[in-house]
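Letters A, B, ... mirror the listed sequences (proteins, then strands); counts begin at 1. The analysis underlying the following values was restricted to heavy atoms, covering all of them including side chains, and did not include hydrogens, waters or symmetry mates.
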Amino acid sequence: MRTVCRQIQGGGYEEGGAASRLVKEQLKRIGADPAVVRRAMIAAYEAEMNVVIHSHGGELRAWLEDDCLHVEVTDTGPGIPNIDQAMSPGYSTASAKARELGFGAGMGLPNIRKNTDEFAIESKVGEGTRLSFTIGLKPQALYGSGRNSIRIAAEKCRQSLRCVHACPTQAVRVFRGKPDILDYLCIDCSACIAVCPSGTLHVTGTAAELKPGADTVLVVPPAALVQFGPGVSAERVLREAAALGVGEVHVTAAWDAALQQAVLEYAASEASSRPVISPVCPAIVNLVETRFPSLISHLAPFVAGFEAAHRVLNGRGALVFVALCPCQRTALTGADSAAPEVILPAAFSAAIFPRLKSSAGARTCPETAAAGDESPLGDATDPRVMRSEVLRVGGLQHVINVLEAIENGLAGDLSVLELYACDQGCFGPPLLASDPHLALWRWEAAPPPPDPEARAVRRAAAFAPRRGLRLDEDMRKAIQKLARIDKLQRSLPGSDCGICGAPSCAALAEDTVLGRVAADACPRQRPTGEEDTK
Amino acid sequence: MTLRDIAERLGLSRLTPELATEAAEITEGYVSDLLSDVLANGPKGGLLVTVQVHLNVIAVAVHAELAAVIFAADRVPDETVRARAVQEGVALYSANASAFELVGRLWELGVRAPE
């Protein structure tokens, strides 16, 4: 398949490298090994610059076939009188201008030969030169795909198709009226759940309700404690939870604070890549591993606050966690054999609500609670103290913008980042009833005393890039598939309307070739598309 | 030795403050004004010392995957070149010292030739 065809201007030094760059993008798309990509780029760039330096102009064509990259660079003259001479290192006929710019050392052709598996050059004076080379490709090492906790009740789907567009990694499809999630792309955030109007996409707890027992150790995030309106403080909810008859109640706030402290110390150390990304939100860690693998070294090597609580409190009794979102549920019930019971915020609220009604006398005004401001909460949880050091960003679009800025080297002024998939961080998951801004404000007005056992916990396993987009593990097949995808994509309208159930025309072309959907899924495909897809 | 330390010890002017690459660990370097030579021998993740200040230096640095370029002998690229380097994530520095002196001092700091 031809993947790149680009004109090269003779003497166009400013544009030099543009054609080779296009080749690089294709090689990355099929998942070629980085070392092979580097060799291919050196050869392609040298060949391209030869046209710029020596010729009247020409063309670079590149195509992928079987498991090889083929590149052909042709020009329209003047041609090389003696090719053997041109191939010998150090021989050059470059102009004074080219030499001034650091070209014309007589190393270009030998460099191409050194970096390629097959190399050929022919030239006719007065007509032009044709140079071609081939490089065998091998795939980059593969990594496992992700797990998630988003469940699908397909019978409820009314095909609003909102989820298809809401997913930040294009992991959702609604083909044949049934939603499906591509596990290897899903980062386990709740963007699709938040927009689903029918409850088709949802998350479940490992238990439907809270069944308190004397040995129950209940772990609750701050947001779950401020879902009961203006008259019920977090401290009151904690008291009521204890009165349910559980052994212990822990709040994760202090664990988050301990993590923040540990990450600040880590960021101050030499070993860190700045800005440091604190692993507060597992969905964002997944996003970095899937879409921003080059930023993995920026992730601080700790587990999130609620995970630290799980590790430390493990074995204490019957652990019950209130999980706020799919990614928390996944992290808690993951590979660990000693997974705790997980309930959702609604189940926690259902257990608390009856008690609030029956013991109306125990109402606590927020004003009263706010008077306890000198509670020994510590400075670390006060966001104002660390304002200049820690930047909190909530909401996936903003997070993606920030990650792109870091990737482009445009975030050198930042030190520590706390990135959350949800607006207002863990006060914003769609499973919570209260508006995230109100809930956070109420929490900050009167937080209960911190958990004395809280501490940060280092990660045992390193962060690793995820498999992400990979067409086939066999490089040869990946190339064939890429060719078919490109062809098919050209026959689609390119409007990314999403009516077919895929988030974009490119995604539909990929789905078709990978056999996820029939070839005629697009309702607006041009009639000529039939031929193109063959 | 990080880029930050090297820049400090050698008194380099930082031309691309937009980039957050100062914590990068540098172990290898190369010196050349011939771009094919840099392509063939430039160390991935390493430094280049050169007097060339035009746009193609950035293209070569990207293809050779260099972390940073130090311009010797008071050479400074124009804004187009600088902006491209920022876009591509290649850190640029400029130095008063000659290429010879720079390389000698880099060697003293433990930066070595690529294997």
Side-chain angles (χ1 to χ4, degrees), chain A residues 13-18 20-21 24 34-35 37-46 48-50 52-53 89-90 92 94 98-112 114-115 267 269-276 294 297-298 405-415, chain B residues 1-5 14-25 31-45 48 50-69 71 75 77-78 80-92:
Chain A
Y13 289 96
E14 301 290 297
E15 278 285 289
S20 359
R21 196 179 305 247
K24 187 179 195 173
V37 175
R38 185 170 190 239
R39 277 172 56 214
M41 280 313 93
I42 290 174
Y45 181 77
E46 289 282 13
E48 183 180 355
M49 289 314 293
N50 273 347
V52 172
I53 296 164
S92 177
R99 286 171 194 270
E100 204 176 284
L101 292 174
F103 296 104
M107 291 180 63
L109 292 176
N111 240 358
I112 298 172
K114 199 174 93 182
N115 282 293
S269 76
E270 274 301 303
S272 63
S273 301
R274 281 159 72 104
V276 169
S294 68
S297 65
H298 291 261
I406 302 175
E407 202 164 48
N408 294 332
L410 300 173
D413 52 337
L414 303 177
S415 154
Chain B
M1 179 113 331
T2 63
L3 261 181
R4 187 186 293 117
D5 298 334
R14 191 177 173 198
L15 304 178
T16 49
E18 297 96 326
L19 295 178
T21 52
E22 285 221 290
E25 191 70 24
V31 56
S32 182
D33 298 327
L34 295 174
L35 299 187
S36 291
D37 183 24
V38 177
L39 267 183
N41 302 310
K44 182 178 176 178
L48 170 68
T50 187
V51 295
Q52 299 283 6
V53 289
H54 55 83
L55 204 49
N56 298 101
V57 174
I58 308 304
V60 165
V62 170
H63 287 316
E65 295 169 39
L66 301 172
V69 179
F71 300 115
R75 301 274 217 134
D78 65 26
T80 326
V81 174
R82 205 196 67 82
R84 177 68 71 86
V86 169
Q87 199 185 335
E88 299 280 5
V90 179
L92 302 183

Residue among A:E46, A:E14, A:K24 with most heavy-atom pairs under 4.5 Å to chain B: A:E46

field: Largest heavy-atom contact set with chain B, pairs under 4.5 Å, which of A:M107, A:M49, A:R274
entry: A:M107

Residue B:E88 excluded, over 12 heavy atoms near CD under 6.0 Å: yes

Working for side chain to side chain contact (heavy atoms under 4.5 Å, CB included), residues A:Y45 and B:V60: CA-CA 8 Å; A:Y45 181 77; B:V60 165; 3.5 Å; yes

task: Looking only at non-hydrogen atoms, find the nearest pair between A:L410 and B:V86 and report the distance.
output: CD2-CG1, 3.7 Å

query: Looking at NE2 of B:H63 and CZ of A:R21, how far apart are the two atoms once the value is rounded to the nearest 0.5 Å?
result: 6.0 Å

query: Any idea which heavy atoms bring A:R99 and B:Q52 closest together, and the distance?
result: O-NE2, 4.4 Å

- request: Please say whether more than 12 non-hydrogen atoms of neighbouring residues, nucleotides or ligands are located less than 6.0 Å from CD in A:E407.
  value: yes

- line: Cut-off 4.5 Å, heavy atoms of chain A, and the answer for B:N56 is both

field: Part of B:L35 within contact of chain A (heavy atom distance under 4.5 Å)
entry: both

B:V62 portion near chain A, given a 4.5 angstrom heavy-atom threshold: both

query: Going from CG on B:L39 to CD1 on A:I112, what distance comes out if it is rounded to the nearest 0.5 angstrom?
result: 10.0 Å

query: Nearest heavy-atom pair of B:P43 and A:R38: which atoms, and what distance?
result: C-NH2, 4.3 Å

query: What part of B:A24 lies closer than 4.5 angstrom to a heavy atom of chain A: side chain, backbone, both or neither?
result: neither

message: Looking at every non-hydrogen atom in both residues, tell me the closest pair between B:H54 and A:G102 and how far apart they are.
response: NE2-N, 4.4 Å

query: Looking at B:D37, B:V57, B:T16, which has the largest count of heavy-atom pairs under 4.5 Å with chain A?
result: B:D37

- line: Comparing B:A40, B:P17, B:A59 against chain A, the one with the most heavy-atom pairs below 4.5 Å turns out to be B:A40

- prompt: Of the backbone (N, CA, C, O) and the side chain (C-beta and beyond), which part of B:E22 lies under 4.5 Å from a heavy atom of chain A, both, or neither?
  reply: neither

query: Taking every heavy-atom pair that is under 4.5 Å apart, which of A:N115, A:I42, A:L101 has the most such pairs with chain B?
result: A:L101

